[in-house]
Each structure stands twice: as C-alpha cells, then as structure tokens.
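Order of the sequence lines sets the chain letters (A, B, ...), proteins ahead of strands, with each chain counted from 1.
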4 protein chains.
Amino acid sequence: MAQRAKNRPSDVQRNPEWTKAQLLEAARLEFSENGLSGARVNDIAERARVNKQLLYYYFGDKESLYVAVLKQAYEEIRAREEELNLTELPPAAAMNRFIEFTFDYLTDNRYFVALLIDENFHKARHVRGSRDLQDMHTRLRKSIGGILARGERDGVFRADIDPIELYISIASLCYFYYSNIHTLSAIFGRGLSERSEISRRRQHVIDFVNAYLKA
Amino acid sequence: MAQRAKNRPSDVQRNPEWTKAQLLEAARLEFSENGLSGARVNDIAERARVNKQLLYYYFGDKESLYVAVLKQAYEEIRAREEELNLTELPPAAAMNRFIEFTFDYLTDNRYFVALLIDENFHKARHVRGSRDLQDMHTRLRKSIGGILARGERDGVFRADIDPIELYISIASLCYFYYSNIHTLSAIFGRGLSERSEISRRRQHVIDFVNAYLKA
Amino acid sequence: MAQRAKNRPSDVQRNPEWTKAQLLEAARLEFSENGLSGARVNDIAERARVNKQLLYYYFGDKESLYVAVLKQAYEEIRAREEELNLTELPPAAAMNRFIEFTFDYLTDNRYFVALLIDENFHKARHVRGSRDLQDMHTRLRKSIGGILARGERDGVFRADIDPIELYISIASLCYFYYSNIHTLSAIFGRGLSERSEISRRRQHVIDFVNAYLKA
Amino acid sequence: MAQRAKNRPSDVQRNPEWTKAQLLEAARLEFSENGLSGARVNDIAERARVNKQLLYYYFGDKESLYVAVLKQAYEEIRAREEELNLTELPPAAAMNRFIEFTFDYLTDNRYFVALLIDENFHKARHVRGSRDLQDMHTRLRKSIGGILARGERDGVFRADIDPIELYISIASLCYFYYSNIHTLSAIFGRGLSERSEISRRRQHVIDFVNAYLKA
DNA sequence: AATGAATGAGTTTTCATTCAT
DNA sequence: TATGAATGAAAACTCATTCAT
C-alpha cells in the first residue's frame, strides 16, 4: 500500500546518512497521511525499513522527528522557489510562473499540504520561533514584492498590492484544493483527484489571480 | 481554559437531549482542536460533564460520534446560508453577502475549518456517500449558479463562471486563512489572529473575488 | 516466591478501596525489594492481582504510587510510635521501650528500611517539602525531648542530650543492621538474619544506647 | 554537573589502563548515585569519556563492572584502615582514631555508603562468597579485637566487648547518617549536609561510642 | 584498542471500550 | 438513564548488548 524504502545499498551495510534520509522520508509520508498524533512510530520505522530504535537514536523522539520533517519540507519548497529565478522574467510571466509552480508543487507533493495543516493544528508550536524559517520567508516576501513593484512600474499590475496578502491568496487557491480534495469530491459528487479536474482547476487559479493583479 | 458545559438543568436529573447536546458540543470542540485521532474520549466526556459511558450509550463509539459532529456541522452552515435569502438580492449584492457570510462564519466558528480538514485527512471516509450531504450541496450549487446567471444577464458578472469552481475559490480564500493561521503567523512573523488583521483580510478576499467576477 | 494478594472478597466484585490497598501493599514490597527504578509496574500489578491499568487509574503513574507508598510507610511507623504512650512511663523505661520498638518494628517491617534508603538515593525528592511529614516528626522530636527532660530532671539521664542527635543514633543502630544485613553477613561470614543473631543485636543496641544516656 | 574524566593523556592514543581506570571511576559514581538497576551504561561511558563498547571490551557486562567497582571500593577502605597503624597507638587513642577515620572516610567518599547499601538490595549476591573479602574482614576483626583486649587489660575499656558487634555499631553511627542524610534533612527540616552539622555529628558519634566503651 | 551504528527485548504509559450496578 | 471500576491492546520509549569496521 504505502511506498517502501528502496533496498539498502548493498555495498554499505552501515550508512547513517542513508538511514536518516530513509527515516525522514518515511516520517514525512506517515505524518502527512496521519498527522502527528495519528502517525505510528512503528510504521515509520517499517516504512523506512530500519530498526525502530534508530529513530530514537537519530532523532530523539517522535516529536523531534516531526520537527525535522517540517523543517526539511519548508526548506525544500522554498529552495525550489528560489531556483525559479523569477527576477529574470518580466513581471507578468514571473507571477504566472510562481502561481504555476505553487500549484504544481502541491500536485506533486501533496504531503506538504497535509503537513502544514497538521502543524497548524498544533498552533504552529513546532515551527514558531524558528529564525531560519522567518528568514526564508522574508526572502520570499521580498521576491514577490519585487515582482509586484516591477509590474506596477510597467503598468501591468494594479497598484498597492500587499505581497503577503497576495501570497496568502495564491496559496489559498492552491492549498485548499488539495487540503480538502476528498471532502469537496464527496459533497459535490465530483472526482477532483482526476487529472482533468486538476488541470481545469489549475487554469482557474491562474485566471483568478490574474484577474486581481490586473484589475 | 477550555470552555465547559453549563450547569445541568437542576430540575431534570435525567435529560437525554441535554446530555446528547452536551456531548456533541464537547466533541465538536475536541475533534476540531485535535482531530479524530488526537481527540480523547475522556476529554470529551469531561468537557461535556457527563459520564464517559454515556458517550457510548448514545453514540456507539468515538468514530460514530465524529460522524454525528461532522454531519451537524455541515447542516448548520448550510442552514445558515439558506437563511441569507440570496435570491432576493441583486446579484452583486448577493455574491458579496455570500462571501462575507462565508468569511464571517469561519471567523466565528473556526472549529468548522479544522473539522473539514481533519475529515479530509481520512479521505472523507465519514461523509462520503451521504445522500443528505450531496443534496445539501446540490442546492448550494444551484443557488450560486442562479446568482451568477442573473449577474451575467445583468452584465455585472463575466460570463461562463463555473459555480463550483467559484465556490471552491471563495472557500479557499476564506478557509485557508484560518486553517493555516498559526503557521502563517509564524513564518511571516505577523499576528494574523488579531482583529485588525482579520478585517484587513476580509476586505482583501472581497476585492479578490470581485476582481474575478467582474473581469 | 513473592507473597501474593489474598483472593478478592467474593461478595464484592468491584471494590476500589480493596483494590487500592492491594496495589499499595504490592507496591510497598516491590519498591522495597527493588527500589523505584528496579521495581516493575507489571510485577506490582501481578502481585496485587489487579489489572495493571488500575494502577494508573488510581495512582497516575509509577512515581506517584511510590510517593503514596512512602507516605503511608512513614505514617504507619509514626502512628505506631504514638501508640506507645511513652509519656506515661518513667523516662528510662520510656526510652528503652522506644529503642525496642524501633528495633522490633524494623525486624517485622524490613521493607521500611529499604524504602527510606531508596528514597535517599533520590535525594529525598519525593518526601522533601511535605508539610505532613515534617509535622509528624516535630511531634516525634518533642516526644523524645520530653522523655529526656524528665530523665535529666530525675537524674537518670545525662544532661544536654539533643533529641534529634539521639534519635538519629538510635535509628542508626537499628536501621543499619537491616540495611546492610546481607553485606555484613557476607564479609563477616556470619548469618545475621538468624533469630539468635538478631536478638543478640537487639540487646547490644539497648546496652549501647543506655551507656550513652547514663554516661 | 557531574564530574568528568580528565582529558585523556594526549601522547597516548591507546591506553588500556587509563581507560579502565576511567570506566571504574565513572561506574563507581554512577552506581553509587543510581544503584545497579538505576545506573545507565550509556552514562557511565559518557562520564568516562570513552566509547561504550570499551566497557564491554574490558568488563564484559554491566554487572561485572559493578562487581569490579564493589571490590575496588572495599579494598580501598580496608587498605586505608590498615595504614592507620592502630596497633602502635594506646587503645583509647587507637579506637578514637578508628572511629574518626570511619566517619571521615565516608564524609569524603560518600559513594561508598550508597554502594554497600545497593549491594545489600541485591542480598549481597555480588560479594557473597568472595574469599578475598572475608580475609580482609577477618584482619579487620582481629585488629579491633586486639585494641579491645589491650584496652580491657589496661582498664580503659569495659570487658567482654564483641569486636564485630562494636564494629557494626560504629559503622551504623557513621554510615546511617550518610545513607539517610537527605531523608533525615527532609523530615527534620535541617540541612544535615552542611559542614557544621557534619562536624557536630562527628563529635556526637565519638562521644556515643566512648560512652559505651568506658561504661 | 577503539568507534559509532544497529538491534531486540522489555518497560512505562495511553486509550478506546466494556462491565457491573 | 447514569456511574465508576475494570480491561486488553497498542503505543512511545528505554536500555543493555552486539555488530562491523
């Protein structure tokens, strides 16, 4: 059912980095599927195909592993965002690229949506106060702010858009679809997980945001 | 700390309706704060100030109680929506009223956001297949569809807006804010739970949706 | 090997007082035989012939049970001491009665010696700060102080004996024998647990203390 | 907090004797602070600043290390006692020197008290049957017996004192104070670990024993 | 001789649920 | 209808010990 760790590289029988990476990946899946409280340490270890106690050896306890997973998840998406080199594109293209990336990243990494929301359940207790995280997002805000400024100057975007407000709206439109995909499918009797529905939604989000940007 | 049940009506020692209502309310809070797996049957009973066994007596088990809570939650919001009498308003006003209602309802009933998302964690297992629920939302779709049709006819809305797509977008903009309010506050170093931030967000959502409707 | 709980009284199938008492007694033995860290919650429950989880139901956790055991143990010995009615005896007789009681109580309740010493291992963390305990021992000090005063006045005891100092010495002579009975037996190759050795020791302690009192 | 091993001599990368000594010292502290069952192999290794596996390499297992610690502890105190050269002193002086030594040794080596008592917890399982240990204590008994004989002959001591009985009493008065110092402090609300209390106690013990010797 | 990784058995604790009254 | 006592399965976590290098 759940995806399993690849076989341990046979030439290295003891490979702490590999072990830790396996655990992190398995934990990421478990936590995103079941949340912090629903996740089972046993299952994480099994999924990672490592001895359960190594989890404690390397991460201390379940909660610390959870924190490590969260941190890694944020780092990954923000790193991927920075690779987009949005500053090199014209503002409208940059913005669309950002929207598309956000939507597509979640399509490919649905675990991330669940992870963030579960962390919210805990009132952000595990990420609150992380200097790293705040710095990461200060850069994000500046990046979006830069695109908006260029767009305004060029006359392609409306004036006075708050970058954080905009970011939250873009994120809303992308994340909510996945965070509620099953309940929405159920109540509207529609298979929102299907490829066609997803690409339809993707286009809608792009249109939706653009309507605002250019209003 | 957590809100407690009011004193049991003193003249009735045995009051099944009161007891069930207490349990439902306590469960709603517990489940929304901790999710299905994180919620504790003990805590629900304590919160409801009734004996734990009564929970089993009236609802069978934890999961059935969860289903009852979910169903009640959906019923409440949809009932409130129907009370808005949107069909009696001009389309633009009707739509704004709907947006405002959606946002404000979540502001006042944050538990609902958490509840839906937790249910999504379980792949909507508990609501999937409920005929009642689907009927309820068919009415919702028709209601929104009617407003859109009127607006298009009057020339105040753009043409060809899919009512479900639009509903999901409005919901996205409202729900996501609350479903991620703590994590967003943490990463952006901003107190999004403050009254001023909330009303600022409310206005942004209204503007955002209107830009699309009128584009 | 270990002594077992008597059968649960057949006419009462659910008897919380009985259950708690069983647990306390079983715990007293386990803790005195193995110390706090060496004791096994499983073994305590088995000894008490009750479900292991009742231990948590009634006492919260292992450590709280330990505290309850300690408190009860102190209460018991001090209560027994008060029953001696030392104030009604002439000072020399009172003192001898006290010495004999102390020695005999430990002979019959060896667990108590082990318990105190184990608690000392934990730097008295579990009893420190207990108002009850201090009050209990204030009474003890006054009682001994009273006997000493009477004895001094009557000229049968030397003057200026500090009651706490004396108490500690009496306790030393009684407790140490039992707290080290096995090691002493081993190094001196003598069976100090035998009845004859014990009564020989008892007399020695009486003589030893009296020599000081009358010096 | 806990005292740490001194830096490993830099010129020797591999130094079995040093390593073993470090382990023994660390183990002595750990065992005396926590007992056999409470001690953690991990902590011992950390304290000794050596790899945990070396503990197994040199001592086999936790329990064997415990035995080694016990043996060394007994050897040390008995060796120090023999260095007192009690036979060269007049009997009263010799006895006082012995009492003082016993008390002072424990003041400086409190771990020893805990060690013996913990071993008693285990019914002296680890020292029972050791020929070395018995020989060691046969010499001790003879030494005390010699002093007593000389004292009796000189008329400074009472007659018919059993050397083992006396030894146990002296030990009682010295050991008990330390084995119960925290609990006694707690119940009597007195800081018995303070220097002033200790020297007061020391004098009391001397007086107490002398009263008996000369009775 | 020395090291860090890995393991399995065991230990405390949690928790939904049922029993007996 | 209501209650507190009792239960068993499972969960997180600990710990001495061994493996591989």
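Rounded to whole Å, the distance from CG on Leu36(C) to P on dT11(E) is 14 Å. In this structure, the CG atom of Asp43(D) is 12 Å from the C1' atom of dT14(F), given to the nearest Å. The distance from atom CD of Glu30(A) to atom C1' of dA11(F) is 13 Å, rounded to the nearest whole Å. In this entry the distance linking CG of Asn34(D) with P of dT14(F) reads 16 Å, nearest Å. What separates CG of Leu23(A) from P of dT7(E) is a distance of 11 Å, to the nearest Å. Distance CG (Leu55(A)) to C1' (dA6(E)): 13 Å, rounded to an integer number of Å. One atom, CG of Leu54(A), and another, C1' of dG8(E), lie 12 Å apart when rounded to the nearest Å. Rounded to a whole Å, the CG atom of Asn15(D) is 10 Å from the P atom of dA1(E).
In DNA chain F, consecutive stretches of 3 or more Watson-Crick or G-U wobble pairs with both distances under 3.5 Å are given as paired ranges: E:2-21 with F:2-21.
Minimum interatomic distance between Phe121(B) and Phe31(A) (heavy atoms only, all atoms of both residues): CE2-O, 4.3 Å. A pairwise comparison of heavy atoms in Ser32(D) and Leu115(D) identifies N-CD1, 3.8 Å as the closest pair.
When each of dA10(F), dT3(F), dC13(F) is scored by its nearest atom to the side-chain atoms of Lys52(C), the top-ranked nucleotide is dA10(F). For Gln53(C), counting side-chain heavy atoms from C-beta on, the closest listed nucleotide (dT12(E), dT14(E), dA5(E)) is dT14(E).
Two residues, Pro16(C) and Tyr56(D), neighbour DNA chain F, and the one matched to the more 5' nucleotide by heavy-atom proximity is Pro16(C).
One finds a side-chain N or O of Asn51(A) lying less than 4.0 angstrom from the OP1 or OP2 phosphate oxygen of dG8(E). Within the structure, a side-chain polar atom (N or O) of Tyr57(B) is placed less than 4.0 Å from OP1 or OP2 of dT1(F). Not one side-chain nitrogen or oxygen of Thr19(D) sits closer than 4.0 Å to the OP1 or OP2 atom of dA1(E). Proximity of Arg40(B) to the phosphate of dT14(E): no side-chain N or O atom is located under 4.0 Å from OP1 or OP2.
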Output, in order, the C-alpha distance, side-chain angles, deciding distance and verdict of side chain to side chain contact (heavy atoms under 4.5 Å, CB included) for Leu29(C) and Ile44(C). CA-CA 8 Å; Leu29(C) 292 174; Ile44(C) 294 174; over 6 Å; no
Go through Glu30(B) and Lys62(B) one step at a time and tell me if the salt bridge (charged side-chain N to carboxylate O under 4.0 Å, His left out) criterion holds. CA-CA 11 Å; Glu30(B) 264 288 306; Lys62(B) 186 187 181 186; over 6 Å; no
Asn51(A) vs Tyr57(A), side chain to side chain donor-acceptor pair (under 3.5 Å): CA-CA, chis, key distance, verdict: CA-CA 10 Å; Asn51(A) 185 286; Tyr57(A) 185 64; over 6 Å; no
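Salt bridge status for Arg125(D) with Glu63(D): present, with a side-chain N to carboxylate O gap under 4.0 Å.
Ring to ring, Phe59(A) and Tyr66(A) are not that close: their centroids are 6.0 angstrom or more apart.
Using a 4.0 Å heavy-atom criterion, one finds that Ala39(D) contacts the sugar-phosphate atoms exclusively.
At a threshold of 4.5 Å between non-hydrogen side-chain atoms, the residues Val127(C) and Val67(C) do not count as touching.
Only Asp61(D), Lys62(D), listed by number, bring a heavy atom of residues 58-69 of chain D to less than 4.0 angstrom from any atom of DNA chain F.
Counting only distance, with no hydrogens or angles, the side chain of Ser64(A) and the backbone of Gly60(A) share no donor-acceptor pair below 3.5 Å.
Tested against Glu33(B), the residues Arg40(B), Arg28(B), Arg47(B) include a single salt bridge (charged side-chain N to carboxylate O under 4.0 Å, His left out) partner, Arg47(B).
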